[in-house]
Amino acid sequence: MLAYEADRRPTRHYKARAAERALRSDIEEFLMTWGTETRAAGATHITLVRRDLPFELQDSEEADRAEGWIIVASDDGSLITCYRRTDAWRFVRRKSQMRPRRRSRRI
């Protein structure tokens, strides 16, 4: 169970985006229960990684529907936004990697 399960508070922005993007409540619950947390861009991104699911859920219909969704939560537990990408896990993983700052070439 994720830390956000008990005290999540959706913001107005989250509610608007979830309605606009048709994020069903059962998919949201599945992600909050079984999703993988990744810290990136100053927030926690929750997405589905099938290999982290119990074996009996890996090929389930719920996993099929939840795959590709990303829920973004802040440090205080509020849900900020949600969106969908076909490469959600790869995108979040790549986003989370620390990139060195670019140096100015000015002398």
Side-chain angles (χ1 to χ4, degrees):
M1 178 155 86
L2 301 173
Y4 301 100
E5 182 83 23
D7 64 343
R8 66 175 181 218
R9 293 175 307 281
T11 60
R12 280 188 286 146
H13 178 79
Y14 177 84
K15 290 178 186 176
R17 292 298 171 252
E20 177 183 296
R21 296 170 178 156
L23 175 61
R24 294 174 32 178
S25 60
D26 61 332
I27 295 172
E28 178 184 336
E29 289 296 322
F30 189 83
L31 282 170
M32 298 306 287
T33 305
W34 298 105
T36 301
E37 295 180 353
T38 306
R39 185 83 179 149
T44 301
H45 294 66
I46 304 165
T47 189
L48 185 70
V49 180
R50 282 191 188 254
R51 68 173 179 259
D52 292 346
L53 291 174
F55 183 73
E56 60 274 4
L57 290 176
Q58 287 182 359
D59 292 328
S60 68
E61 186 178 329
E62 292 87 5
D64 288 340
R65 283 185 274 152
E67 193 168 36
W69 279 101
I70 300 170
I71 296 177
V72 182
S74 69
D75 293 336
D76 67 358
S78 60
L79 303 179
I80 299 171
T81 192
C82 62
Y83 56 99
R84 190 168 187 151
R85 288 184 63 104
T86 56
D87 63 340
W89 170 239
R90 212 175 96 204
F91 174 73
V92 170
R93 193 180 65 212
R94 186 175 54 231
K95 190 175 186 177
S96 71
Q97 294 173 348
M98 296 297 290
R99 296 183 187 155
R101 297 183 88 172
R102 294 184 73 181
R103 293 186 190 161
S104 174
R105 293 189 175 208
R106 295 182 198 165
I107 297 176

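Start at 1 with the first residue, then count along the sequence.
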**OP:** Mind listing the closest non-hydrogen atom pair of G68 and A88 along with its distance?
**Re:** O-CB, 3.5 Å

Original post:
Please walk me through it: do V92 and R85 pass side chain to side chain contact (heavy atoms under 4.5 Å, CB included)?
Top reply: CA-CA 10 Å; V92 170; R85 288 184 63 104; over 6 Å; no

Original post:
Does atom CD of E61 have more than 12 heavy-atom neighbours from other groups under 6.0 Å away?
Top reply: no

Original post:
Atom CD1 in I46, atom CD in E28: separation rounded to 0.5 Å?
Top reply: 9.5 Å

**OP:** State, to 0.1 Å, how close A63 and Q58 come at their nearest heavy-atom pair, and which atoms those are.
**Re:** CB-O, 4.1 Å

**OP:** Give the cluster check for L53 versus I70: same hydrophobic cluster or not, with ILVMFWY residues linked at side-chain heavy-atom distances below 4.5 Å.
**Re:** no

Original post:
Taking all non-hydrogen atoms of both residues, which atom of E67 and which atom of R84 are closest, and how far apart?
Top reply: O-NH2, 3.2 Å

Original post:
Going only through I, L, V, M, F, W and Y residues with side-chain contacts under 4.5 Å, is there a path from M32 to F30?
Top reply: yes

**OP:** Enter the distance from I80:CD1 to I71:CD1 here, rounded to the nearest 0.5 Å.
**Re:** 12.0 Å

Original post:
About how many Å separate SG of C82 and CD of E20, when rounded to the nearest 0.5 Å?
Top reply: 9.0 Å

Original post:
Donor-acceptor pair, T33 side chain versus E29 backbone, under 3.5 Å?
Top reply: yes

Original post:
How close do I27 and A66 get, heavy atom to heavy atom, and via which atoms?
Top reply: CG2-CA, 3.8 Å

Original post:
Which heavy-atom pair separates A73 from A43 by the least distance, and what is that distance?
Top reply: O-CB, 3.5 Å

Original post:
Are L31 and V72 connected, step by step, through hydrophobic side chains (Ile, Leu, Val, Met, Phe, Trp, Tyr) whose heavy atoms are closer than 4.5 Å?
Top reply: no

Subject >> R90, CZ: over 12 other non-hydrogen atoms inside 6.0 angstrom >> reply: no

Original post:
If you take all heavy atoms of R21 and W69, which pair is closest and at what distance?
Top reply: O-CH2, 3.2 Å

Original post:
Does L57 share a hydrophobic cluster with L48, counting links as ILVMFWY side-chain heavy atoms below 4.5 Å and allowing steps through other members?
Top reply: yes

**OP:** For the residue pair H13 and L79, establish whether any side-chain heavy-atom pair is separated by less than 4.5 Å.
**Re:** no

